[in-house]
Structures are given as structure tokens and as C-alpha cells.
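Numbers here simply count residues along the sequence, with the first being 1. Atoms within each ligand, like the ligands themselves, are counted from 1 in listed order.
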Amino acid sequence: MSAPSGAMRERVRIAIQKSGRLAEPARALLSSCGLSWRESRDRLFCHGDSTPIDLLLVRDDDIPGLLAEGTCDLGIVGRNVLLERASGYGTGEVPPFREWRGLGFGACRLALAVPQAWSDSQAAALDGLRIATSYPALVSQWLKERGIAADVVTLSGSVEIAPRLGTADLICDIVSSGATLAANQLRATDIVLDSEAVLAGPVAPFGDARAEIAGLFLRRLDAVLGLRDSKLLMFQTDSANVPALMALLPDAERPTVMQVDGTDRVALQAVCRGTVTWQRLEDLKRAGADALLVLPVERMLA
Ligand code: PRT
Ligand code: ZN
């Protein structure tokens with residue numbers, strides 16, 4: 001399955017989480033980029049059907065290492081996992097991977113959390129305290145940048161119970177809704193990192209056929225990401241109303257205005273990048289638009 005790094009390759013391998021929070025959204029995103037795969041029986045490797053892009057299904061924590069050793073070319077992983085591994089490289093060493101794109105799902109924060117009973121001043125004086133975390137490199141770097149001399153206690157799981165067990169005074173963990181912290185009588189204080197799923201890839205460009213394949217994939221990905229909230233807006237109006245209506249559509253891209261035969265009415269269509277709410281439609285109607293239609297945009301190749 002693995003190829004020695006540096007070997008010439010004619011296919012691109014993308015590592016994604018096998019199961020877990022990022023598994024389904026990652027697959028859905030890749031599918032919307034037109035990728036499809038033949039499922040293999042062990043489901044660790046899926047051969048790309050329509051494009052020379054294969055999938056490697058792995059644990060999220062393994063993705064930075066697989067990128068570093070060249071076993072995979074690209075990966076979809078939480079920024080928290082990617083940067084934790086990158087922070088582990090010593091000064092003067094450059095990690096061979098980096099974030100290529102933020103993907104807009106899997107949003108969470110790596111945050112310090114203290115027992116709810118602590119006062120704000122207690123939570124602000126961390127010198128000499130013990131912080132339990134699964135992200136020792138990121139937390140150590142954050143403490144160092146602020147000149148705080150706290151001890152980092154590395155735990156691989158169940159970080160949130162460490163203060164109750166007495167193995168640490170506070171924690172630094174991934175928070176999304178905050179329900180887990182609340183259930184453990186903890187409250188978040190500082191945010192160490194804002195995270196989401198990211199596309200990670202090598203720092204150096206590919207020197208073989210993978211460059212073209214990855215380029216094609218990135219163009220499709222950017223189109224998909226750019227269209228996420230986009231809608232095609234269509235309406236008719238008297239031509240005199242067009243300037244006032246355009247002022248209500250600052251996010252409309254290159255609108256097309258067509259004369260309706262034999263009248264001074266026009267039909268207008270534009271892709272809007274922002275959300276087209278009922279409120280916006282009502283504002284447009286008041287400014288003279290009628291026959292308003294809002295349609296989803298599936299693909300766009302500019
Ligand atoms: O098996 P594998 O190692 O691949 O999966 P995993 O269990 O290590 O990872 P997984 O699937 O739990 O998370 C994958 C990625 O999802 C993480 O690296 C983050 O980038 C992202 N993510 C987004 C989260 C959360 N939200 C999240 N809430 N990862 C973990 N959590 C945990 C959090 O630590 C807390 O304990 O979920 C719990 C509930 O969170 P609250 O705040 O909603 O209660
Ligand atoms: Zn994991």
C-alpha cells in the first residue's frame with residue numbers, strides 16, 4: 001500500500017478519517033468534487049474510479065505522520081491534530097506538511113477550562129498549576145508565548161475528569177457545544193486554537209503527475225467551497241428600478257440583465273454569495289422586483 005516517499009506516482013492518495021466526526025462530511029465533500037471510489041473489502045484503501053485519486057481510511061491522529069512519510073499525498077484532518085504534530089517539530093525543523101484549505105466543517109475550539117468554582121483571578125494565575133491535555137505541544141507553545149510556567153500533564157483521553165481525580169488542576173481540551181465541560185463542572189476560559197477540518201498537503205510542490213491531479217482537485221474544491229452558501233437569484237423589474245435593486249445586492253456577482261421583448265422591463269439573474277433570506281426578498285420586492293426566484297447552485301466553473 002505504501003510507496004517510498006519521493007517515488008514518481010501517477011495517482012493522488014487522500015487520507016481521511018475511517019470513522020468519527022470527520023469521516024462522513026469529508027467523504028461528502030470529496031464526492032461533491034466529483035470523486036468516486038470502488039470500495040475495497042477491507043475498506044482501508046478505496047481505488048478512485050472517475051479520477052486518479054484514491055482514499056486511505058485511517059485514524060485521524062495518523063494523518064500528519066502519513067503525510068510526513070509520503071504514504072499519502074493529501075489529508076483531511078482537524079487543524080488541532082495537524083498543528084499539534086507540527087508544533088512537535090523542533091526549532092529549526094520545518095514540518096513537511098501544512099494546511100492547504102479550511103473546509104468549514106468539524107468546527108471546535110481547543111480551550112483551557114477550569115473548575116466552575118474558580119474565580120476569574122484564580123483562572124488567570126496559572127503559574128505552578130498542572131494542565132491536563134491531549135495536546136501537549138500546542139499547550140506548551142501557548143504557555144511559552146505568554147511566559148506562564150505551568151506543568152503540562154499529557155493524557156490520551158478522558159481529560160475532563162482529571163481535575164476531579166486530582167491528576168491536574170485544570171484542562172485544555174476540544175470544546176464544541178460545551179456540554180461535556182458543563183457536565184464535569186468546568187468552564188472554558190482562554191481559547192488556545194480555533195479549529196475546523198482542513199485539507200492538509202505537502203509544503204513542497206509535487207514533482208510528477210500528482211501536481212496536475214492535485215491542481216484539478218483543488219480547482220473543483222475551491223468551486224465547491226465558494227458555492228456553499230451561494231444561490232442563483234432571478235427576478236423581473238422595470239428597468240428604472242435596476243440601480244436601486246443592485247444596491248440591495250452587494251454580493252451579486254456579474255449580474256445578467258435581459259430586456260423583456262417589447263417592454264421597458266428587464267429580467268435579472270445573479271449568483272449571490274451571501275444567504276438570501278426572506279427579509280432580503282421582501283426588501284427587493286419593495287424596491288420593485290417581482291417574480292422572484294431563488295435557486296440552489298450546484299456547480300459553477302468561472
Ligand atoms: O478514531 P479516531 O482517532 O479517528 O477519532 P477520534 O475519536 O480521535 O476523533 P473524533 O472523531 O472524536 O474527532 C475528530 C475531529 O473532530 C477532532 O480532531 C476535531 O478536529 C473535530 N471535533 C469537532 C471534535 C469535536 N468537535 C468535539 N466535540 N473532536 C472532539 N470533540 C469532543 C470534545 O473533546 C468533547 O469531549 O467531543 C466531546 C463533546 O464536545 P461538546 O463540547 O460538544 O460537549
Ligand atoms: Zn483520534
Any idea which atoms of ligand 1 are less than 4.0 Å away from a heavy-atom of Ser177? 41 (P), 42 (O), 43 (O), 44 (O)
Residues 246-270 vs salt bridge (charged side-chain N to carboxylate O under 4.0 Å, His left out), sequence neighbours excluded, gives Asp238-Arg265, Asp251-Arg280, Glu253-Arg273, Arg265-Asp290
If you measure from each non-hydrogen atom of Arg21 to ligand 1, which part falls under 4.0 Å: side chain, backbone, both or neither? both
Do you reckon Val224 sits in the same ILVMFWY cluster as Leu22, going by side-chain contacts under 4.5 Å, direct or chained? yes
Vertex the Zn ion (ligand 2), rays to OD1 in Asp60 and OD1 in Asp61 - rounded to 10°: 70°
Which of the atoms of ligand 1 are close to Gly78, meaning less than 4.0 Å from one of its heavy atoms? 20 (O)
Looking only at the side chains, is there a donor atom on one of Asn80 and Glu84 sitting less than 3.5 Å from an acceptor on the other? no
The protein heavy atom nearest to atom 40 (O) of ligand 1 is Thr180 OG1, 3.6 Å
Counting heavy atoms only, which part of Leu22 comes closer than 4.0 Å to ligand 1: side chain, backbone, both or neither? side chain
If you scan protein heavy atoms around atom 34 (O) of ligand 1, the nearest is Ile174 O, 3.0 Å
Which ligand 1 atoms are under 4.0 Å away from a heavy-atom of Cys108? 19 (C), 20 (O), 21 (C), 22 (N), 23 (C), 26 (N)
Pair Arg130 + Asp169: basic N to acidic O under 4.0 Å: yes
Any sub-3.5 Å donor-acceptor pair from Ser239's side-chain atoms to Val266's backbone N or O? no
Will you find, in the side chains of Gln141 and Ser87, an N or O donor that is under 3.5 Å from an N or O acceptor? yes
For ligand 1, the portion of Leu181 having any non-hydrogen atom under 4.0 Å away: neither
For ligand 1, which atoms have a heavy atom of Gln17 less than 4.0 angstrom away? 2 (P), 4 (O), 5 (O), 6 (P), 9 (O), 10 (P), 11 (O), 14 (C)
Taking non-hydrogen atoms only, is Asn80 closer than 4.0 angstrom to ligand 1 via side chain, backbone, both or neither? side chain
What atoms of ligand 1 come within less than 4.0 Å of a heavy atom belonging to Ala179? 42 (O), 44 (O)
Is atom 1 (O) of ligand 1 close to the protein, meaning a heavy atom under 4.0 Å from it? yes
ILVMFWY cluster, Leu35 and Phe105 together (side-chain gap under 4.5 Å): yes
Can you check whether Tyr135 has an N/O within less than 3.5 Å of an N/O in ligand 1? no
Give the numbers and elements of all ligand 1 atoms closer than 4.0 Å to a heavy atom of Val81. 18 (O)
Can you tell me which portion of Ser176 lies within the under-4.0 Å heavy-atom range of ligand 1? Options are side chain, backbone, both, or neither. both
For Gly20, atoms of ligand 1 separated by under 4.0 Å from a heavy atom: 11 (O)
Under 4.5 Å between side-chain heavy atoms, counting indirect links through other Ile/Leu/Val/Met/Phe/Trp/Tyr residues: same cluster for Leu74 and Leu82 or not? no
Using a strict 4.0 Å threshold on nitrogen-to-oxygen distance, state whether Arg101 and Asp222 make a salt bridge. yes
Side-chain heavy atoms under 4.5 angstrom apart, residues restricted to Ile, Leu, Val, Met, Phe, Trp, Tyr: same cluster for Ile76 and Trp100? yes
I want to confirm something. Looking only at heavy atoms, which of Asp60, Leu82, Val58 is nearest to atom 8 (O) of ligand 1? Asp60
Using only heavy-atom distances, determine whether the side chains of Thr275 and Thr277 contain a donor-acceptor pair under 3.5 Å. no
